[in-house]
Amino acid sequence: MSSPSAVDLQTGSPERFGYSWNIYGEILPEHEEQFRRWTAPLQPSDWEGKRILDGGCGIGRNSYWPLKFGAAAAVAIDIDERSLAHARRNLALFPQADVRYHSIYDPVEPDSFDIAFSIGVVHHLENQPLAARRLAEAVKPGGLVLVWLYGRENNGWIVHVLDPIRINVLSKLPLGIVHWLSWFPTAVLWLGLRLGFGRIAYFKLLRQLTFRHLRAIVFDHLIPKIAKYYRRDEAISLLRDAGLVDVQATWVNEMSWCVTGRRP
């Protein structure tokens, strides 16, 4: 178990996302398409035979697909027990999966993974550079680090409209109330999508989802205490400053960044 001092650093929202994952704890077929977009530089064959680290695994859905693609072993870490319970159930089919209570801020078997990744987690942490450094330390020389981050590009409406409401109001409300409230923006979004609102790739993806899946996404945007939206150069600098080389950023859904780098 991670030391209290390390866990105390993670003043993001693990308990808030744990609440969400406890409601939306199932892995859906649509999650594969999301995963493949979030990890766009990699093909399913790139995971085959690899030992991987999932930093901030939630319900394990982002470990599930690499394991299905043939990953040799996976260590999936998180610090919310509800999330970990779902992850253990969701990954029970894979004996090579090791789900652990462990902070992303603590070292995890340095120099031992082929791929270390964190999807949708780092931008919610208080110490984002430290999390990136820990991922970099976990991989072998030549190993790959992949981080998916919210993008600032095309998300100005969130930064200027939603963020002040989330920070000043929603982050202070009981989660049950926020979840109840999430139905209303989800209904507006669901209707808007069916009326043709949104022309960029992300909205085209959202049109394929059920109302429940859409609500899970909306709820996740309403609950964090911290949410940083990265510009391309900031996303690249995050991994370069962690000591990685050959850092590249791939624009995902025209609203986010998949950033990769290799350990020298």
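Around the CZ atom of Arg199, the shell of radius 6.0 Å holds no more than 12 heavy atoms that belong to other residues, nucleotides or ligands.
The closest side-chain heavy-atom distance from His179 to Leu175 is not below 4.5 Å. Asp54 is not listed as a side-chain neighbour of Ser118, based on a closest heavy-atom distance of 4.5 Å or more. Under the 4.5 Å side-chain criterion, counting only non-hydrogen atoms from C-beta, Val247 is in contact with Val259. The side-chain heavy atoms of Ile200 and Asn253, taken from C-beta on, include no pair separated by under 4.5 Å. Counting heavy atoms from C-beta on, the side chains of Arg232 and Trp251 never come closer than 4.5 Å. Taking 4.5 Å as the limit, some side-chain heavy atom of Leu189 sits within range of a side-chain heavy atom of Leu214. Between Leu170 and Leu181, some side-chain heavy-atom pair lies under the 4.5 Å cut-off. With a 4.5 Å cut-off on side-chain heavy atoms, Leu238 and Glu234 do not count as touching.
Cluster annotation: Val218 and Val188 are assigned to distinct hydrophobic clusters (Ile/Leu/Val/Met/Phe/Trp/Tyr, side-chain heavy-atom contacts under 4.5 Å, transitive). By the rule that hydrophobic residues join a cluster once side-chain heavy atoms approach within less than 4.5 Å of another member, Ile167 and Trp157 end up as members of separate clusters. Grouping the Ile, Leu, Val, Met, Phe, Trp and Tyr side chains by contacts below 4.5 angstrom, directly or via other members, places Val161 apart from Val178. Phe203 and Phe219 fall within the same hydrophobic cluster, defined by Ile, Leu, Val, Met, Phe, Trp and Tyr side-chain heavy atoms under 4.5 Å apart, directly or through other members. A single hydrophobic cluster is not seen to contain both Leu206 and Leu28; linkage of ILVMFWY side chains at heavy-atom distances under 4.5 Å, directly or through other members, places them apart.
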Q. Passes salt bridge (charged side-chain N to carboxylate O under 4.0 Å, His left out), Glu26 versus Arg89? Steps please.
A. CA-CA 10 Å; Glu26 67 274 15; Arg89 284 193 292 270; over 6 Å; no
Q: Walk me through it: do Glu137 and Arg134 pass the test salt bridge (charged side-chain N to carboxylate O under 4.0 Å, His left out)?
A: CA-CA 5 Å; Glu137 293 166 0; Arg134 290 294 187 240; 3.0 Å; yes
Q: Take Asp114 and Ile52 through the side chain to side chain contact (heavy atoms under 4.5 Å, CB included) test and state the conclusion after the steps.
A: CA-CA 6 Å; Asp114 300 297; Ile52 65 173; 5.8 Å; no
Q: Check the pair Tyr230, Tyr150 against ring pair (Phe, Tyr, Trp, His ring centres under 6.0 Å), reporting the backbone distance first and the verdict last.
A: CA-CA 6 Å; Tyr230 279 80; Tyr150 288 161; 9.5 Å; no
Q: Evaluate side chain to side chain contact (heavy atoms under 4.5 Å, CB included) for Glu81 paired with Tyr101, printing each intermediate quantity in order.
A: CA-CA 8 Å; Glu81 293 291 1; Tyr101 181 101; 3.3 Å; yes
Q) Can you check side chain to side chain contact (heavy atoms under 4.5 Å, CB included) on Thr39 and Trp148, steps first, answer last? A) CA-CA 7 Å; Thr39 59; Trp148 178 77; over 6 Å; no
Q.
What verdict does the side chain to side chain contact (heavy atoms under 4.5 Å, CB included) test give for Cys57 and Asn62, after you've listed the backbone C-alpha separation in whole Å, the side-chain angles of each residue and the deciding distance to 0.1 Å?
A. CA-CA 7 Å; Cys57 66; Asn62 295 317; over 6 Å; no
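Closest of all the heavy-atom pairs between Asp46 and Ile115 is O-CD1, 4.0 Å. The two residues Val99 and Ala87 come nearest to each other via the heavy atoms CG1-CB, 4.0 Å. Shortest non-hydrogen contact noted between Ile104 and Ile77 is CA-CD1, 4.0 Å. Between Pro264 and Val245, the shortest heavy-atom distance links the atoms CG-CG1, 4.0 Å. Considering every non-hydrogen atom in both Thr260 and Pro41, the closest pair reads CG2-CG, 4.0 Å. Looking at every heavy atom in both residues, Arg166 comes nearest to Ala227 through NH2-CB, 3.7 Å.
The backbone N or O of Gly18 sits nowhere less than 3.5 Å from a side-chain atom of Asn22 that would complete a donor-acceptor pair. At least one donor-acceptor pair closer than 3.5 Å links the side chain of Tyr105 to the backbone N or O of Asn127. Checked by atom type and distance alone, the side chain of Arg207 pairs as donor or acceptor with a backbone atom of Leu193 at under 3.5 Å. Side chain of Glu254 to backbone of Ala201: a donor-acceptor contact under 3.5 angstrom is found.
At a threshold of 4.0 Å, the pair Arg61-Glu30 does not count as salt-bridged, since none of the basic side-chain nitrogens sits closer than that to a carboxylate oxygen. Taking the charged nitrogens against the carboxylate oxygens, Arg100 and Asp78 have no contact shorter than 4.0 Å, which rules out a salt bridge. Between Asp80 and Arg82 there is a salt bridge, since at least one side-chain N of the basic residue sits less than 4.0 Å from a carboxylate O of the acidic one. Between Glu33 and Arg36 there is no salt bridge, since none of the side-chain N atoms of the basic residue sits less than 4.0 Å from a carboxylate O of the acidic one.
Aromatic ring orientation, His213 versus His31: perpendicular (interplanar angle above 60°, classes split at 30° and 60°). Aromatic ring pairs are classed by plane angle as parallel below 30°, tilted from 30° to 60° and perpendicular above 60°; the pair Phe35 and Trp47 is tilted. Between Phe17 and His124, the two ring planes are tilted [angle within 30° to 60°].
Distance check, rounded to the nearest 0.5 Å: CD1 of Ile27 to CH2 of Trp65 gives 7.0 Å. Going from atom CD of Glu153 over to atom CH2 of Trp257 covers 5.0 Å, rounded to the nearest 0.5 Å. Residue Leu222 holds its CG atom at 10.5 Å from CG of Leu173, rounded to the nearest 0.5 Å. Leu149 CG to Gln128 CD: the interatomic distance, rounded to the nearest 0.5 Å, is 8.0 Å. Taken from CD1 in Ile223 to CD in Glu15, the straight-line distance is 9.0 Å, to the nearest 0.5 Å. Taken to the nearest 0.5 Å, the CZ atom of Phe117 stands 11.5 Å off from the CH2 atom of Trp38.
Considering Arg263, Arg51, Lys140 in turn, Arg263 is the only one that fulfils the salt bridge (charged side-chain N to carboxylate O under 4.0 Å, His left out) rule with Asp111.
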